[in-house]
Amino acid sequence: LDDLRTLVSTRFTQLEQARAQAEQDADEATLTAAVREGSALTNEIRDLAAAMQTRQEVLLRARQGRARDVSQTATGIAVGSLVVGGFGGAFVTSRLALGLTRRLRHLLRDAERLASGIPAESVVEGDDEDGRLGRDLRAASVVLRSREEELTETRHFLQHVLDTAPMMVTRRSGGLDPRLTYVSPN
């Protein structure tokens with residue numbers, strides 16, 4: 001740019017001199033020399049401007065190439081992130097699902113054991129719904145076991161009372177047709 005400024009400044013100075021010569025009625029040879037000198041300066045300015053334009057185009061192409069490379073790299077990174085994120089999400093989801101189904105299988109097994117009269121052996125722990133359900137199944141197992149033991153003791157006691165009563169004890173079914181359902185051995 002400094003070279004261009006210098007040439008343009010020189011051209012303006014030369015134009016001022018040529019005008020001044022024309023006003024002083026300089027001879028034709030002097031004016032022709034001034035015009036040739038002005039044309040030469042103008043050609044130098046054009047050549048310098050064309051060279052600058054060429055350099056700018058080279059720089060622009062280089063920058064566009066770098067921008068294209070950056071864009072391709074960014075696209076590759078974005079696609080890679082999506083792929084990794086997708087697989088990572090699927091992996092995490094599958095691990096969570098496996099953990100959840102394992103815990104639910106344990107709870108189902110405990111519920112089946114409890115329904116069969118076998119105490120629950122839940123290993124499901126935690127403060128979430130599954131953990132609370134596991135604790136509740138264990139507590140229900142303890143309560144049912146305790147009531148079962150009480151019923152067994154009561155049944156044995158009543159059987160002992162019936163067996164040792166001084167008179168015969170009978171039990172009849174209710175309804176319109178009462179039937180004898182129990183007779184004590186004495």
Side-chain angles (χ1 to χ4, degrees), residues 1-2 49-186:
L1 283 178
D2 289 338
M52 288 173 65
Q53 180 68 31
T54 302
R55 277 186 262 153
Q56 283 184 348
E57 289 172 359
V58 168
L59 284 172
L60 179 63
R61 281 193 297 274
R63 287 181 182 152
Q64 286 173 335
R66 275 189 241 128
R68 202 173 22 257
D69 292 346
V70 167
S71 175
Q72 289 173 347
T73 301
T75 301
I77 289 171
V79 168
S81 296
L82 286 173
V83 169
V84 168
F87 283 124
F91 176 74
V92 168
T93 301
S94 70
R95 296 301 299 162
L96 288 174
L98 286 174
L100 180 61
T101 55
R102 182 175 32 83
R103 292 178 77 184
L104 291 176
R105 264 188 264 121
H106 286 296
L107 291 172
L108 179 61
R109 191 175 323 122
D110 279 347
E112 289 169 348
R113 289 173 60 91
L114 204 54
S116 300
I118 303 169
E121 297 176 344
S122 181
V123 294
V124 177
E125 299 289 334
D127 291 329
D128 60 352
E129 291 82 5
D130 296 342
R132 286 192 294 273
L133 182 58
R135 284 191 300 277
D136 290 346
L137 283 174
R138 285 191 302 273
S141 177
V142 169
V143 169
L144 286 176
R145 176 61 68 191
S146 171
R147 289 189 181 160
E148 187 177 290
E149 288 172 1
E150 288 175 12
L151 284 174
T152 301
E153 284 179 25
T154 303
R155 185 177 301 122
H156 288 320
F157 174 73
L158 287 176
Q159 187 63 45
H160 173 70
V161 167
L162 291 174
D163 289 345
T164 60
M167 65 179 96
M168 183 171 72
V169 178
T170 61
R171 181 175 43 200
R172 294 182 182 264
S173 65
L176 296 174
D177 185 23
R179 295 183 187 208
L180 194 59
T181 59
Y182 175 79
V183 176
S184 67
N186 43 352

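Source: prediction; values computed, not measured.
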Taking side chain to side chain contact (heavy atoms under 4.5 Å, CB included) as the definition, give me every residue that meets it alongside Thr154, ordered by chain and number, with sequence neighbours left out. Leu158
Counting only heavy atoms not in Asp127, do more than 12 fall under 6.0 Å of its CG? no
Between atom CG of Leu151 and atom CG of Leu144, what is the distance when rounded to the nearest 0.5 Å? 10.5 Å
Residues two or more places apart in sequence or in another chain: which of them pass side chain to side chain contact (heavy atoms under 4.5 Å, CB included) with Gln53? Gln56, Glu57
Could you list the residues that satisfy salt bridge (Lys or Arg N to Asp or Glu O under 4.0 Å) with Arg132, not counting sequence neighbours? Glu129
Would you compute the distance between atom CG of Asp136 and atom CZ of Arg138 and round it to the nearest 0.5 angstrom? 9.0 Å
Checking Ser146 side chain against Val142 main chain: does a donor-acceptor pair fall under 3.5 Å? no
Listed partners of Arg105 passing salt bridge (Lys or Arg N to Asp or Glu O under 4.0 Å), at least two apart: none
Is Thr54 reaching over with its side chain to a backbone N or O of Ala50, donor-acceptor style, under 3.5 angstrom? yes
Contacts of type salt bridge (Lys or Arg N to Asp or Glu O under 4.0 Å), residue Arg147, not counting sequence neighbours: none
Can you find a pair of side-chain heavy atoms, one from His160 and one from His156, that are under 4.5 Å apart? no
Test salt bridge (Lys or Arg N to Asp or Glu O under 4.0 Å) applied to Arg109 and Glu112, step by step: CA-CA 5 Å; Arg109 191 175 323 122; Glu112 289 169 348; over 6 Å; no
Quick check for you: to the nearest 0.5 Å, what is the distance between Ile118 atom CD1 and Arg145 atom CZ? 9.0 Å
Interatomic distance, CG@Leu137 vs CG@Asp110, rounded to 0.5 Å, equals 6.0 Å
Nearest heavy-atom pair of Ala140 and Leu114: which atoms, and what distance? CB-CD2, 4.0 Å
Distance-only donor-acceptor pairs under 3.5 Å for side chains of residues 60-67, two or more places apart:
none

